[in-house]
Amino acid sequence: GAVISVRKVSKRFPNGTLALKAIDFDVPEGQFVSLLGPSGCGKSTLLRIIAELTPPTGGTFRRVAHSGGAGVALGFVFQEPTLMPWASTLRNVMLPLMLAGIADRDAEPRAAAMLKSVGLEGFEKAYPRELSGGMKMRVSIARALVTKPRILLMDEPFAALDEITRHRLNDDLIALWERERFSAIFVTHSVLESVYLAQRIVMMAARPGRIVADFANAAPYPRD
Ligand code: ADP
Ligand code: ADP
């Protein structure tokens, strides 16, 4: 079934901007969707509504509430990795587990395993300032996935990275998704990136923010 179900959702900001108009959008379990569109078309607003960081002003939406792991249904990766600068890489990844009340002795090996799966084995004790931009983004992805959420929301996560790093991260994200099978919404304004990553591409346009095309079974990435 659908893990996210959005019905006739609209969002008008207090200043009058109609950021989203009548959005209808379902995400089936395990699907990798890309939200593609120019700046200002409401991609971030839609993602923030789904994450319950902001309420819609019209319509309804529903999403799964629980995961199998630490009771967290959803992970969020922002364009800025937003790591705690005073904490080691391992501590940064442990944070959501600790917030879920999991003891250090259980949280530590889980965080270490997650760091390994994003290619950062050996960097557990490093501090964010010692890491490259790509590595910080890897930590951010590990932190979002460590609770085994059923949904991973990503808001232009690789936009600030150079092309080669971005390409590697795209490949590694596909590998993680193939292994963990979370449902993913990946926001980007890059056509190439959306075609490369996603099984389905939902295109948006601005003024007002709306869905203008929905390509299911988008050209699949060759998985050999
Ligand atoms: P995107 O992520 O596609 O670039 P956004 O969701 O950030 O688009 O923004 C959609 C529209 O809503 C834009 O016109 C933007 O200026 C406007 N907007 C976003 N946040 C606010 C806000 N807090 N107050 C007023 N307008 C906003
Ligand atoms: P990616 O994020 O795709 O792994 P980067 O361009 O961020 O690539 O880094 C390239 C490689 O250089 C990393 O995989 C890592 O092995 C190494 N590296 C980058 N920064 C550091 C650092 N501060 N200390 C040790 N190795 C580093």
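As the structure lists them, so they are numbered: ligands from 1, and atoms in each ligand from 1. Here, residue 1 is the first one in the sequence, and each next residue gets the next number. Predicted model, so just to flag it, every value in this text is computed and none were measured.
- Under the 4.0 angstrom criterion for non-hydrogen atoms, G40 is in contact with ligand 1.
- When atom types are taken as modelled, the side chain of R63 and the backbone of I50 share a donor-acceptor pair closer than 3.5 angstrom.
- Distances below 4.0 Å separate heavy atoms of K43 from the following atoms of ligand 1: 1 (P), 2 (O), 3 (O), 4 (O), 6 (O), 8 (O).
- Classified by interplanar angle (parallel below 30°, tilted 30° to 60°, perpendicular above 60°), the ring pair F32/W177 is perpendicular.
- Distance alone, capped at 3.5 Å, is enough to place a donor-acceptor pair between the N92 side chain and the M84 backbone.
- In this structure, the protein non-hydrogen atom closest to atom 18 (N) of ligand 1 is F13 CE1, 3.4 Å.
- Across the listed options G42, S44, A205, G42 owns the non-hydrogen atom lying nearest to atom 8 (O) of ligand 1.
- A donor-acceptor pair is defined here as one N or O able to donate and one able to accept, closer than 3.5 Å; no such pair exists between the side chain of R168 and the backbone of I164.
- K11 contributes no side-chain N or O that, together with a main-chain N or O of L46, makes up a donor-acceptor pair within less than 3.5 Å.
- Against a heavy-atom cut-off of under 4.0 Å, S39 is close to the following atoms of ligand 1: 4 (O).
- For atom 21 (C) of ligand 1, the nearest protein heavy atom lies closer than 4.0 Å.
- Closest to atom 25 (C) of ligand 1 among all protein heavy atoms lies N15 ND2, 3.3 Å.
- For atom 17 (C) of ligand 1, the closest heavy atom belonging to the protein is T17 CG2, 3.9 Å.
- Closest to atom 12 (O) of ligand 1 among all protein heavy atoms lies A19 CB, 3.4 Å.
- Formation of a donor-acceptor pair under 3.5 Å by the T57 side chain with backbone atoms of R12 is found in this model.
- Within the 3.5 Å criterion, the main-chain N or O of A126 finds a donor-acceptor partner in the side chain of T89.
- Of the heavy atoms in P38, only backbone atoms (N, CA, C, O) come closer than 4.0 Å to ligand 1.
- Put simply, no part of G37 is less than 4.0 Å from ligand 1, judged by heavy atoms.
- Residue, atom and distance of the protein heavy atom nearest to atom 9 (O) of ligand 1 are T45 OG1, 3.9 Å.
- For R207, the CZ atom counts as loosely surrounded, since its 6.0 Å shell holds 12 or fewer non-hydrogen atoms of other residues, nucleotides or ligands.
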